[in-house]
Amino acid sequence: MFTNDVLLGSLLFASVAAWNTDVHNQIGFMAETFLHPHTTSILRTILEPQYNGSIGRAAAWADGFAHTDEGRFSYQWHWIDAHDQPPETCSLNYTRDCAKGGCVVSAIANQTQILKGCIEDVKSGSLTRGTNLTCSYALKWVTHFFGDIAQPLHASGRAAGGNFFNVTFGGVATELHAVWDGYIPYTAAKVTSPFSNQSIDPFFEGLLSRIRKDQFLEAPYMWLSCSDPAIPIECATQWARESNKWTCDYVYSRVSNLTDLASDGYAAGGVPIVELQISKAALRLATWLNKLVGAIRHHHTQQIIII
Ligand SMILES: *[C@@H]1O[C@H](CO)[C@@H](O)[C@H](O)[C@H]1NC(C)=O
Ligand SMILES: *[C@@H]1O[C@H](CO)[C@@H](O)[C@H](O)[C@H]1NC(C)=O
Ligand SMILES: *[C@@H]1O[C@H](CO)[C@@H](O)[C@H](O)[C@H]1NC(C)=O
Ligand SMILES: *[C@@H]1O[C@H](CO)[C@@H](O)[C@H](O)[C@H]1NC(C)=O
Ligand SMILES: *[C@@H]1O[C@H](CO)[C@@H](O)[C@H](O)[C@H]1NC(C)=O
Ligand SMILES: *[C@@H]1O[C@H](CO)[C@@H](O)[C@H](O)[C@H]1NC(C)=O
Ligand SMILES: *[C@@H]1O[C@H](CO)[C@@H](O)[C@H](O)[C@H]1NC(C)=O
């Protein structure tokens, strides 16, 4: 189900597909487990009924939509092309790097603002049963972009986010972007077929358990050091910068196009990075949504971890 590879050929297409769609679904399912019941109930009212209240099920919508005529304008919202030169120099500057027409950072800010109004509409009773598409789209975009911004190659300009950096993985000729979208997550989970798009996979349940037990190199509460929806550009820029830094610290510093990345140690070394980035995305998304709803206004951010 490496659709990115099959359809690669257009920079725009390739760049827009961050984590494979099933990985996006799983990030959404992880986030659901951290939602306050009040948040869950409000989000269910915003989403179209076909998703049955699940942001996990709705998390991949944005990739398909970006490839329709109607949604083409949102293509470029899935990444930010940093003017970086990894592995030598990493740098991300929102003012300089966010393209005219938007990028993942501005899109998070824009859709968060729209979603905020939608939540008020649900509270006041003027929005029911997922009937306002502006609102449903805003929630689906926010959910999706929290995943995208955590994918290191979605915050790097070199070789168009790695799409033009040819590599070999498991004997297959591919490119670096696809390696981080899918090959490394599947290596991490030790699976050969895609994850479910309907319910959480055991591998991602394992990540949830590690978040709850504080078993990452960096403590989960630190992932939330910037998590205030009132300053979305500032927070999203910080997250994008973290992703960008991985392209110097690992993605391009350890890569070789002469050996097979599945067996030369590269994939194994990438697993903890992917696990960390996916976990950050899920916890940040849930925290953001809880805060937007006002469900944790009076609690310390660490509270969210034990909800
Ligand atoms: C829809 O969601 C409800 C509440 O979470 C659940 O009980 C039900 O099984 C779900 N239905 C489907 C078809 O997934
Ligand atoms: C970011 O880029 C803008 C526009 O190019 C520039 O004015 C600003 O000084 C840069 N900020 C930093 C911290 O480099
Ligand atoms: C914000 O998103 C809406 C669609 O929800 C779009 O029409 C508008 O152009 C976006 N604004 C910016 C500044 O990206
Ligand atoms: C949908 O919700 C948005 C955001 O609250 C609002 O501006 C818009 O008027 C609503 N559209 C309809 C048709 O109610
Ligand atoms: C990468 O691979 C593609 C498809 O196999 C090929 O068209 C392209 O020329 C290659 N690029 C480089 C830089 O080798
Ligand atoms: C969900 O996964 C099933 C089984 O892999 C697939 O047939 C279906 O097209 C997927 N649905 C979406 C919306 O991606
Ligand atoms: C390997 O990467 C180097 C540096 O990016 C590039 O110059 C070279 O053409 C690549 N070789 C192949 C076979 O793609």
Side-chain angles (χ1 to χ4, degrees), residues 1-18 20 67 75-110 145 148-149 151-184 186-187 225-226 228 230-270 273:
M1 130 105 198
F2 299 114
T3 47
N4 308 343
D5 291 350
V6 177
L7 296 167
L8 185 72
S10 136
L11 160 62
L12 284 177
F13 183 91
S15 294
V16 83
N20 284 2
H67 299 109
Y75 251 151
Q76 68 184 77
W77 292 358
H78 293 238
W79 72 87
I80 179 165
D81 266 337
H83 291 64
D84 55 351
Q85 281 108 37
E88 288 81 24
T89 316
C90 268
S91 102
L92 188 140
N93 173 331
Y94 171 71
T95 319
R96 180 193 63 191
D97 299 333
C98 191
K100 193 166 172 284
C103 63
V104 68
V105 174
S106 67
I108 283 177
N110 184 24
F145 296 149
D148 279 349
I149 204 167
Q151 211 277 39
L153 287 172
H154 266 249
S156 174
R158 179 171 174 188
N163 279 293
F164 296 153
F165 193 98
N166 291 343
V167 294
T168 304
F169 197 102
V172 176
T174 182
E175 32 76 25
L176 195 56
H177 193 92
V179 165
W180 287 85
D181 269 354
Y183 287 100
I184 296 179
Y186 297 143
T187 298
S225 64
C226 194
D228 181 354
I231 47 166
I233 296 285
E234 191 176 325
C235 292
T237 299
Q238 182 177 313
W239 306 331
R241 222 171 252 143
E242 277 174 30
S243 293
N244 179 259
K245 191 165 181 298
W246 281 122
T247 68
C248 284
D249 292 352
Y250 192 88
V251 177
Y252 282 105
S253 56
R254 301 294 178 83
V255 75
S256 165
N257 57 10
L258 305 172
T259 52
D260 191 315
L261 301 184
S263 51
D264 70 358
Y266 185 80
I273 297 169

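Whatever order the structure lists ligands and atoms in, that order sets their numbers, starting from 1.
- For ligand 2 and Asn93, the ligand atoms under 4.0 Å from any heavy atom of the residue are 1 (C), 2 (O), 3 (C), 8 (C), 10 (C), 11 (N), 12 (C), 14 (O).
- The atoms of ligand 7 that sit less than 4.0 Å from any heavy atom of Arg158 are 5 (O).
- Between the NE2 atom of His78 and the NE2 atom of His154 there is a distance of 8.5 Å, given to the nearest 0.5 Å.
- In this structure, SG in Cys103 is found 9.5 Å from CG in Asp81, a value given to the nearest 0.5 Å.
- Under the 6.0 Å distance and 45° angle rule, Arg158 counts as a cation-pi partner of Tyr252.
- Checked by distance only, ligand 2 and Thr95 stay at 3.5 Å or farther apart across all their nitrogen or oxygen atoms.
- For atom 4 (C) of ligand 5, the nearest protein heavy atom lies 4.0 Å away or farther.
- Distance CG/Asn93 to OG/Ser91: 7.0 Å, rounded to 0.5 Å.
- For the atom pair Cys226 SG and Ile233 CD1, the distance stands at 11.0 Å (nearest 0.5 Å).
- Comparing heavy-atom distances from atom 6 (C) of ligand 7 across Asn166, Asn257, Leu258 singles out Asn257 as nearest.
- Not a single protein heavy atom sits closer than 4.0 Å to atom 9 (O) of ligand 2.
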